[in-house]
Amino acid sequence: MTQSTIQPPHARQEPTPTTLHGHRLEDNYRWMRDKSSPEVLAHLKAENAYTLSVMAGTEELQAKLYAEMLSHIKETDESVPYRQRGWFYYVRTVEGSQYPIHCRRRATGSKFDPSQPEEIVLDVNQLAVGQPFMAVGAMSVSMDDTKLAYSTDNTGFRQYTLHIRDLKTGLDLPDTAERVGSVAWAADSQTLFYTTEDEVTKRHDHLFRHRLGDSAADDAVIYEETDERFNLGVGKTRDNEYLLMEAGSHTTSECRFLSAKTPEGEFQMIGPRIDEQEYSVDHRGGLFYIRTNDVGKNFRVVTTKVEKPGRDFWEELIPLDAEAPLEDFDVFDSFCVCSRRKLGLPTLTVIEFGVARELGRSREIEFPEPVYSAGTNMNPEFATKKLRYSYQSLVSPASIYEYDVPSGTSELMKQQEVPGGFDSTRYASERVWVEASDGVKIPASVVYRRDFFKRDSTNPIYVYGYGSYGYPLPIGFSSSRLSLLDRGVVIAYAHIRGGGEMGDSWHDAGKMMVKRNTFSDFIAVAEQLVAKGYGAKDRLAIEGGSAGGLLMGAVVNERPDLFRVVLSHVPFVDVMNTMLDASLPLTVAEYEEWGNPNEAEAFAYMRSYSPYDNLKAGDYPAMLVKTSLNDSQVMYWEPAKYVARLRTLKTNDTPLLLHINMDAGHGGASGRYDYLKEIAFDYAFLLTQLGVAD
């Protein structure tokens, strides 16, 4: 990395303080919120120019990293087909094309027949022509298999337009709607239900019913959700018998149902919302199967007759397990699947149905490695004896298996091919437990290349964290990660509180008024991995994105001396100003995750860790902060303001870079090749700052 010939941008300061609960919040960069301002756009472009100038010396390394990553991808590939009614559906990619192609072939029997003519359902490459960004949201095929409802976003702002395609002609019908979320077809294949979002807050608050051929302006409003904490969604039971309208906040949910055969009818309530209680619904043989946390955080399963859906009639089928949270529950005609977490790792238990409501034989699918991810995968068929599930680990590429329920045996359908000389035996993974500041044991997943690793505190080490929304950090395979492992970098994933690795109680222990546990857990993981010899204390890099970017900002403020390099993606760092602005997307709904700063106690607690508000003069690690202009979840101005303020306080000469993707949203570039280039850029910064020789 060379010395930049361009000076870092200097953002003007315009004090716009906010006083609340007797405290004054300083904000000198609020003017950056005006996306239409030529001054704002000029400043962001200046930040990009400065970043590219500083990174100019890494261009050869970026190209090399990109070539390596590309060499480990089978560019022309095809997914395992899955059956849905009379068709087998699959996705394929073609070398040189950025986006997937969704296809199908007619089913002539129980097995996929590649000799059948291929039909292209949706070629995303065609949708992307002339567009700098393209993402497909909803995709749903009508019950007569002749029409596809799908939605597209061409800016990254997650604002989707609904389209309906005639699969016989390959042409889109005039039917369309804006700001669409979830979609579901009725049994007549002429009626489509869809949800839409509020224009300002982007909260999905309306459910519409559409008849093919009608104008969207004439669509009937079926339901409006007025509680600002709740979002609406529409779906169907696996057996396609019922439409489900779900309203959910971060902590509470309720569901209504309607026979898919009577789309003109009215949705009926299953169980009215009760604060802090969630439930999800499926159907089999006249019974609703309901996964619920009504008697405890770890969830149980109850059943009730369709004719008597209310809570008073719920009968327990599978009791709550105090040691293993029930993360998901899948219902088929002759069996069900319990997806649980045991010591933070996923398990799958297949239970056959007996007579009536009784359960029969139960088997747990076994997984061979100490650290892994697994889950049910593409099982749209209700009447089946087969279960499709996925498995991968830090060293084993993604695999799709088919489990035969009567025999209890699994068949490997496909394992992701990793070309370019990949050999899984060169790598090892471990589960490491560390002790948090309050004595709680925190798991971390570690991977390294065997012949480069020495547990002597000399390795460069990279630690990734998230720890919010009850989201379990997935432990999957990444071919791009090989570029770090093959240079001797040890990689660790910190399963800190606030995530969902141990169920809802783990989430609760790292949100709201105990959010600081998330930050202290991460610091403990980083410190103890170094103390245990996994990495060098002066070669420690960290990364997080979105709420994980909040994590990055908070731990750097607390321990700037601990970290050498920080990668912060779309970081939620301006906590106070964002959570005090109820007009922004997500704010009100997220009071249940972070707290409501309009309440004095929550205000004081959030203010104690908000990264933007707790910056102070001193030395900081090398930092690469990345965002996108069209991000609808963490607005671009949060990282822009954060970097601008940090530049006025930072006392050492380590790089502080801000890079803005001017054509994307929260997830960065949408094309697979463009996305690889973004990763190569990040890795070039990380490796250079860690002093790792190419």
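Below, all heavy atoms of this structure are taken into account, side chains as well, without hydrogens, waters or symmetry copies. Nothing here was measured: the structure is a model prediction, and the numbers come from that model. Positions are given from 1 along the sequence.
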Run Asp153 and Val136 through side chain to side chain contact (heavy atoms under 4.5 Å, CB included) and show every step you take. CA-CA 6 Å; Asp153 166 25; Val136 174; over 6 Å; no
side-chain hydrogen bond (donor to acceptor under 3.5 Å, both in side chains) evaluation trace for Glu14 with Tyr29 = CA-CA 6 Å; Glu14 182 182 304; Tyr29 304 101; over 6 Å; no
Start with the C-alpha gap between Asp294 and Arg300, add the side-chain angles, then the distance that decides, and say whether salt bridge (Lys or Arg N to Asp or Glu O under 4.0 Å) holds. CA-CA 8 Å; Asp294 61 340; Arg300 64 173 181 153; 2.8 Å; yes
- Item | Residues Ile442, Glu435; criterion side chain to side chain contact (heavy atoms under 4.5 Å, CB included); working and verdict | CA-CA 6 Å; Ile442 310 296; Glu435 187 170 307; over 6 Å; no
Assess the residue pair Phe299 and Leu320 against the criterion (side chain to side chain contact (heavy atoms under 4.5 Å, CB included)); give the C-alpha distance rounded to whole Å, side-chain angles, the decisive distance to 0.1 Å, and a yes or no.
CA-CA 6 Å; Phe299 288 86; Leu320 177 147; over 6 Å; no
Subject >> Working for side-chain hydrogen bond (donor to acceptor under 3.5 Å, both in side chains), residues Ser339 and Glu327 >> reply: CA-CA 5 Å; Ser339 301; Glu327 194 170 54; over 6 Å; no
Begin with the C-alpha distance, continue with both residues' side-chain angles, and end with the deciding distance and a verdict on side-chain hydrogen bond (donor to acceptor under 3.5 Å, both in side chains) for Tyr612 and Glu638.
CA-CA 8 Å; Tyr612 181 65; Glu638 291 202 35; over 6 Å; no
Working for side chain to side chain contact (heavy atoms under 4.5 Å, CB included), residues Ile270 and Phe288: CA-CA 9 Å; Ile270 291 180; Phe288 285 129; 4.3 Å; yes
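Remark: side-chain polar atoms of Lys202 are paired, donor with acceptor, to backbone N or O of Arg158 under 3.5 angstrom. A side-chain donor-acceptor contact under 3.5 Å links Thr651 to the backbone of Asp619. Checking side-chain atoms of Ser151 against main-chain N and O of Ala138 turns up a donor-acceptor pair under 3.5 Å. Looking at Thr654, its side chain does come within 3.5 Å of a backbone N or O of Tyr620 through a donor-acceptor pair. In this structure a side-chain-to-backbone donor-acceptor pair under 3.5 Å is missing from His666 to Met635. Not a single donor-acceptor pair under 3.5 Å links the side chain of Thr587 to the backbone N or O of Ala582. At least one donor-acceptor pair under 3.5 Å links the side chain of Tyr636 to the backbone N or O of Met32. A side-chain donor-acceptor contact under 3.5 Å links Glu501 to the backbone of Leu473. Arg341 places no side-chain N or O within 3.5 Å of a backbone atom of Ala324 that could act as its donor or acceptor partner. Remark: side-chain polar atoms of Trp506 are paired, donor with acceptor, to backbone N or O of His495 under 3.5 angstrom.
Between Thr51 and Leu657 the shortest heavy-atom distance is OG1-CB, 3.7 Å. In plain terms, the two heavy atoms of Val643 and Leu656 that are nearest each other are O-CD2, 3.9 Å. Nearest heavy atoms, Ser253 versus Tyr279: OG-N, 2.8 Å. In plain terms, the two heavy atoms of Tyr469 and Glu593 that are nearest each other are N-OE2, 2.9 Å. Scanning both residues, Arg564 and Asp538, for their nearest heavy atoms gives NH1-O, 2.8 Å. When every heavy atom of Glu276 is checked against every heavy atom of Asn293, the shortest pair comes out as O-ND2, 3.8 Å.
Between the side chains of Arg645 and Gln13, no donor N or O sits under 3.5 Å from an acceptor N or O. Between the side chains of Thr155 and Asn630, not a single donor N or O lies within less than 3.5 Å of an accepting N or O. No donor-acceptor contact under 3.5 angstrom links the side chains of Ser37 and Asp34, judged on distance only.
The existence of a salt bridge linking Glu323 and Lys342 is excluded, since no basic side-chain nitrogen approaches an acidic carboxylate oxygen closer than 4.0 Å. Taking a cutoff of 4.0 Å between a charged side-chain nitrogen and a carboxylate oxygen, Asp27 and Lys641 qualify as a salt bridge. For Arg273 and Glu225, the salt-bridge test passes: some basic side-chain N is under 4.0 Å from an acidic carboxylate O. Using a cut-off of 4.0 Å between Lys/Arg side-chain N and Asp/Glu carboxylate O, Lys297 and Asp508 are scored as salt-bridged. Ionic pairing of Glu228 and Arg203 is not present here: no N-O contact between side-chain nitrogen and carboxylate oxygen is shorter than 4.0 angstrom. Using a cut-off of 4.0 Å between Lys/Arg side-chain N and Asp/Glu carboxylate O, Arg179 and Asp198 are scored as not salt-bridged. Look at Glu47 and Lys45 and you find no salt bridge, because none of the NZ, NE, NH1 or NH2 atoms lies under 4.0 Å from a carboxylate O. Between Glu558 and Arg516 there is a salt bridge, since at least one side-chain N of the basic residue sits less than 4.0 Å from a carboxylate O of the acidic one. Using a cut-off of 4.0 Å between Lys/Arg side-chain N and Asp/Glu carboxylate O, Asp682 and Lys626 are scored as salt-bridged. Salt-bridge check for Arg291 with Glu278: failed, with every basic side-chain N at 4.0 Å or more from each acidic carboxylate O.
Going from atom CD of Gln633 over to atom CG of Asp631 covers 6.0 Å, rounded to the nearest 0.5 Å. Between atom CG of residue Leu232 and atom OG1 of residue Thr196 there is a gap of 8.5 Å, rounded to the nearest 0.5 Å. In this structure, CG in Asn28 is found 7.0 Å from OG1 in Thr16, a value given to the nearest 0.5 Å. Note that the OG atom of Ser437 and the CG atom of Asn517 stand 7.0 Å from one another [nearest 0.5 Å]. A distance of 6.5 Å separates CG of Leu44 from CG of Leu629, quoted to the nearest 0.5 Å.
Aromatic rings of Tyr471 and Tyr466 (six-membered ring for Trp) have centroids within the 6.0 Å cut-off, being under it. A distance below 6.0 Å separates the ring centres of Phe681 and His659. Aromatic ring centres of Tyr223 and His206: separated by at least 6.0 Å. In this structure, the ring of Trp637 has its center no less than 6.0 angstrom from the ring center of Tyr642. Aromatic pair Phe519/Tyr609: ring centres closer than 6.0 Å.
The side-chain heavy atoms of Ile542 and Tyr462, taken from C-beta on, include no pair separated by under 4.5 Å. For the pair Thr201 and Val588, the minimum side-chain heavy-atom distance is 4.5 Å or more. By the 4.5 Å heavy-atom criterion applied to side chains, Met579 and Tyr591 are counted as neighbours. Contact annotation: the side chain of Arg647 approaches that of Pro9 to within less than 4.5 Å [non-hydrogen atoms, C-beta and beyond]. Residues Phe257 and Leu243 fail the side-chain proximity criterion, which asks for heavy atoms closer than 4.5 Å. With a 4.5 Å cut-off on side-chain heavy atoms, Lys650 and Asn652 count as touching.
Applying the side chain to side chain donor-acceptor pair (under 3.5 Å) test to every pair with at least one member in residues 518-531, sequence neighbours left out, gives these pairs: Arg497-Asp521, Lys515-Thr518, Glu527-Arg559.
Between Trp31 and His43, the ring planes are perpendicular. Angles over 60° get that label, and only those under 30° would be called parallel.
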